[in-house]
Visitor: 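Quick one: the structure is below, and I'll ask about it shortly.
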Amino acid sequence: MTTFAGRLRLGVNIDHVATVRNARGGAVPDPIRAAKLAEEAGADGITAHLREDRRHISDADIEGLVATLSVPLNFEMAATPEMQAIALRHKPHAVCIVPEKREERTTEGGLEVAREENRLAHFIAPLREAGSRVSIFIAADRRQIEAAHRIGAQVIELHTGAYCDAHAEGRFDDRDRELDALREMSAFAHSLGLEVHAGHGLTYDTVQPVAAFPEVMELNIGHYLIGEAIFRGLDASIREMRRLMDEARA
Ligand code: PXP
């Protein structure tokens with residue numbers, strides 16, 4: 001069984017630095033530079049999602065991150081043979097298996113693990129053998145958590161998008177229900193021996209209730225931090241998130 005040891009980790013997702021770069025097709029802003037700056041601002045890890053359509057992070061970005069980071073890389077990927085081969089080549093500290101549909105703007109829901117248990121068990125086995133910690137991005141749903149446990153994942157990352165959307169849209173009853181589900185499922189996953197992470201859509205307004213769950217060991221946050229960097233700079237944007245997380249945890 002995992003323990004509550006250590007402080008809550010912050011993984012900074014740099015995908016949207018690449019989104020801005022790709023809007024002009026050139027070399028700036030450079031996601032690797034952002035990742036190094038995030039490290040200096042207190043990120044405990046860097047997360048990057050190499051999408052099948054390469055709409056933001058590129059293969060060269062992943063190579064650059066592997067070569068230059070001093071903190072762990074969390075490589076987000078769809079469960080496809082192409083991504084598996086890339087992960088096995090780079091052997092990142094962690095891989096996070098996410099669902100991916102070409103038409104979606106972002107990763108809209110959690111992975112359907114329960115329906116694909118056999119395939120996913122075979123898919124993640126070589127990644128684990130290569131030394132990557134395997135995380136599965138899922139909704140706060142008992143069935144999916146049990147399935148993630150059965151297939152041999154070491155970590156689950158709970159999708160906080162529905163909670164954050166409800167907050168942003170002023171649907172506070174829904175928000176509180178989503179938060180209750182996240183709380184309950186964090187404890188349930190922990191009781192199975194899974195390490196619990198959470199992320200998607202988190203902001204300064206929504207981070208603290210999730211950061212306060214004692215079972216949650218890591219938050220992965222991207223879009224809001226990169227957006228906030230426009231106004232206060234990336235360093236200050238990340239430091240404020242770190243401060244809010246520490247305050248919630250204390
Ligand atoms: N965690 C996972 C598994 C994700 O797919 C994403 C989005 O790429 C995030 C966290 C970060 O979400 P956001 O960019 O909304 O903070």
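The residues of the chain are indexed from 1 along the displayed sequence. None of the values given here were measured: they were computed from a predicted structure.
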Visitor: Answer yes if Val155 and Phe213 sit in the same cluster of Ile, Leu, Val, Met, Phe, Trp and Tyr residues linked by side chain heavy atoms under 4.5 Å apart, and no otherwise.
Guide: no

Visitor: Pick from Val12, Thr68, Val71: which one makes a side-chain contact (heavy atoms from CB on, under 4.5 Å) with Glu39?
Guide: Val71

Visitor: Write out all pairs satisfying salt bridge (charged side-chain N to carboxylate O under 4.0 Å, His left out) with one or both partners inside residues 144-158, taking only residues at least two apart or from two chains.
Guide: Glu117-Arg150

Visitor: Are the side chains of Leu179 and Val210 in contact, using a 4.5 Å heavy-atom criterion?
Guide: yes

Visitor: Rounded at 0.5 Å granularity, tell me how far CE in Met83 sits from CD in Glu76.
Guide: 11.5 Å

Visitor: Does a side-chain N-to-carboxylate-O contact under 4.0 Å join Arg7 and Asp44?
Guide: yes

Visitor: Donor-acceptor pair, Thr160 side chain versus Ala198 backbone, under 3.5 Å?
Guide: no

Visitor: Quick one, Met77 and Leu50 - any side-chain contact, counting heavy atoms below 4.5 Å?
Guide: no

Visitor: Hey, are the side chains of Gln144 and Met185 touching, using non-hydrogen atoms and a 4.5 Å cut-off?
Guide: no

Visitor: Would you find a donor on one side and an acceptor on the other, under 3.5 Å apart, between the side chain of Ser132 and the backbone of Arg128?
Guide: no

Visitor: Quick check: closest heavy atoms across Ala79 and Leu120, and the distance to 0.1 Å?
Guide: CB-CD2, 3.8 Å

Visitor: Less than 4.5 Å apart, any side-chain heavy atom of Val207 and any of Leu219?
Guide: yes

Visitor: Report, as yes or no, whether the 6.0 Å neighbourhood of atom CZ on Arg242 holds more than 12 heavy atoms from other residues, nucleotides or ligands.
Guide: yes

Visitor: May I ask you to decide whether Glu40 forms a salt bridge with Arg239, counting only side-chain N to carboxylate O separations under 4.0 Å?
Guide: no

Visitor: Report the residues that fulfil side chain to side chain donor-acceptor pair (under 3.5 Å) with Asp180, sequence neighbours left out, ordered by chain and then residue number.
Guide: Arg183

Visitor: How close do His159 and Gly110 get, heavy atom to heavy atom, and via which atoms?
Guide: CD2-N, 3.8 Å

Visitor: Hydrophobic side-chain clustering at under 4.5 Å (ILVMFWY, transitive links): who's grouped with Phe231? Put none if nobody.
Guide: Ile230

Visitor: Ile136 and Val134: side-chain contact (heavy atoms from CB on, under 4.5 Å), yes or no, with the steps?
Guide: CA-CA 7 Å; Ile136 311 279; Val134 176; 4.2 Å; yes

Visitor: If the threshold is 4.0 Å, N to carboxylate O, is there a salt bridge linking Asp174 and Arg171?
Guide: yes

Visitor: Rounded at 0.5 Å granularity, tell me how far CD1 in Ile221 sits from CD1 in Ile226.
Guide: 11.0 Å

Visitor: What's the separation between atom NE2 in His56 and atom CZ in Arg21, rounded to the nearest 0.5 Å?
Guide: 10.5 Å

Visitor: For the hydrophobic clusters of this structure (ILVMFWY residues joined by side-chain heavy atoms under 4.5 Å, transitively), does one cluster hold both Val20 and Leu225?
Guide: no

Visitor: Is there side-chain contact between Val95 and Asn74, with heavy atoms separated by less than 4.5 Å?
Guide: no

Visitor: If you look at every heavy atom in Leu158 and Ala140, which pair is closest and at what distance?
Guide: CD2-CA, 3.9 Å

Visitor: Does Phe172 have any ring-ring contact (aromatic ring centres under 6.0 Å, His included) partners at least two apart in sequence or in another chain, and if so, which?
Guide: His167

Visitor: Compute whether any side-chain donor of one residue and acceptor of the other, for Asp61 and Ser58, lie under 3.5 angstrom apart.
Guide: yes

Visitor: Taking the side chain as every heavy atom from C-beta outward, state whether Val28 and Asp30 have any pair of such atoms under 4.5 Å apart.
Guide: no

Visitor: For Ala189, which residues count as a side chain to side chain contact (heavy atoms under 4.5 Å, CB included) partner, sequence neighbours excluded?
Guide: Ile145, Ile156, Leu194, Val196

Visitor: Looking at Asn220 and His197, would you say the former's side chain and the latter's main chain have a donor-acceptor pair under 3.5 Å?
Guide: no

Visitor: How would you list, by chain and number, every residue that makes a side chain to side chain donor-acceptor pair (under 3.5 Å) with Glu178, sequence neighbours excluded?
Guide: none

Visitor: Just grab all the salt bridge (charged side-chain N to carboxylate O under 4.0 Å, His left out) pairs involving residues 81-92, residues at least two apart or on different chains.
Guide: Arg54-Glu82

Visitor: In terms of side-chain heavy atoms, does Glu247 have a donor or acceptor partner in Gln208 at a distance below 3.5 Å?
Guide: yes

Visitor: Could you state whether Val66 and Leu69 fall into the same hydrophobic cluster, counting links through intermediate Ile, Leu, Val, Met, Phe, Trp or Tyr residues with side-chain heavy atoms under 4.5 angstrom apart?
Guide: yes

Visitor: State, with a plain yes or no, whether a side-chain heavy atom of Glu112 is found less than 4.5 Å away from one of Arg143.
Guide: yes

Visitor: Which pair of non-hydrogen atoms, one from Ile32 and one from Gly64, has the smallest distance, and what is that distance?
Guide: CD1-C, 3.7 Å

Visitor: Heavy atoms only: give me the nearest Ala130-Leu88 pair and the separation to one decimal.
Guide: CB-CD2, 3.7 Å

Visitor: Would you find a donor on one side and an acceptor on the other, under 3.5 Å apart, between the side chain of Tyr163 and the backbone of Ala181?
Guide: no

Visitor: List the atom of Ser237, the atom of Glu228, and the distance in Å for their closest heavy-atom pair.
Guide: OG-CB, 3.7 Å

Visitor: Is it the case that Asn13 and Thr47 place a side-chain donor and acceptor less than 3.5 Å from each other?
Guide: no

Visitor: Start with the C-alpha gap between Leu111 and Val98, add the side-chain angles, then the distance that decides, and say whether side-chain contact (heavy atoms from CB on, under 4.5 Å) holds.
Guide: CA-CA 6 Å; Leu111 197 68; Val98 302; over 6 Å; no

Visitor: Taking only residues two or more places apart in sequence, or in another chain, which ones meet Tyr224 in a ring-ring contact (aromatic ring centres under 6.0 Å, His included)?
Guide: Tyr204

Visitor: What residues form a side chain to side chain donor-acceptor pair (under 3.5 Å) with Glu184, not counting sequence neighbours?
Guide: none

Visitor: Can you measure from CZ (Arg9) to CD (Glu218) and round to the nearest 0.5 angstrom?
Guide: 4.5 Å

Visitor: Enumerate the residue pairs fulfilling ring-ring contact (aromatic ring centres under 6.0 Å, His included) with a member in residues 61-93, sequence neighbours excluded, ordered by first and then second residue.
Guide: none

Visitor: Enter the distance from Glu169:CD to Cys164:SG here, rounded to the nearest 0.5 Å.
Guide: 11.0 Å

Visitor: In terms of side-chain heavy atoms, does His49 have a donor or acceptor partner in Glu100 at a distance below 3.5 Å?
Guide: yes

Visitor: Kindly compute the distance separating CD1 (Ile124) from CD (Glu129), expressed to the nearest 0.5 Å.
Guide: 10.5 Å

Visitor: Report the residues that fulfil ring-ring contact (aromatic ring centres under 6.0 Å, His included) with His223, sequence neighbours left out, ordered by chain and then residue number.
Guide: His16

Visitor: Output yes when a side-chain donor or acceptor of Arg249 lies under 3.5 Å from a complementary backbone atom of Ala211, and no otherwise.
Guide: yes

Visitor: Are Glu215 and Ser191 close enough, and set up right, to give a side-chain contact (heavy atoms from CB on, under 4.5 Å), and what steps lead you there?
Guide: CA-CA 9 Å; Glu215 299 86 1; Ser191 76; over 6 Å; no

Visitor: Can Asp173 and Arg177 be counted as an ion pair, charged N to O under 4.0 angstrom?
Guide: no

Visitor: Restricting to side chain to side chain donor-acceptor pair (under 3.5 Å), what partner residues turn up for Glu116, sequence neighbours left out?
Guide: Arg119

Visitor: Can you check whether Phe123's main-chain N or O pairs, donor with acceptor, with Gln84's side chain at less than 3.5 Å?
Guide: yes

Visitor: Between Ile14 and Leu65, is any pair of side-chain heavy atoms under 4.5 Å apart?
Guide: yes

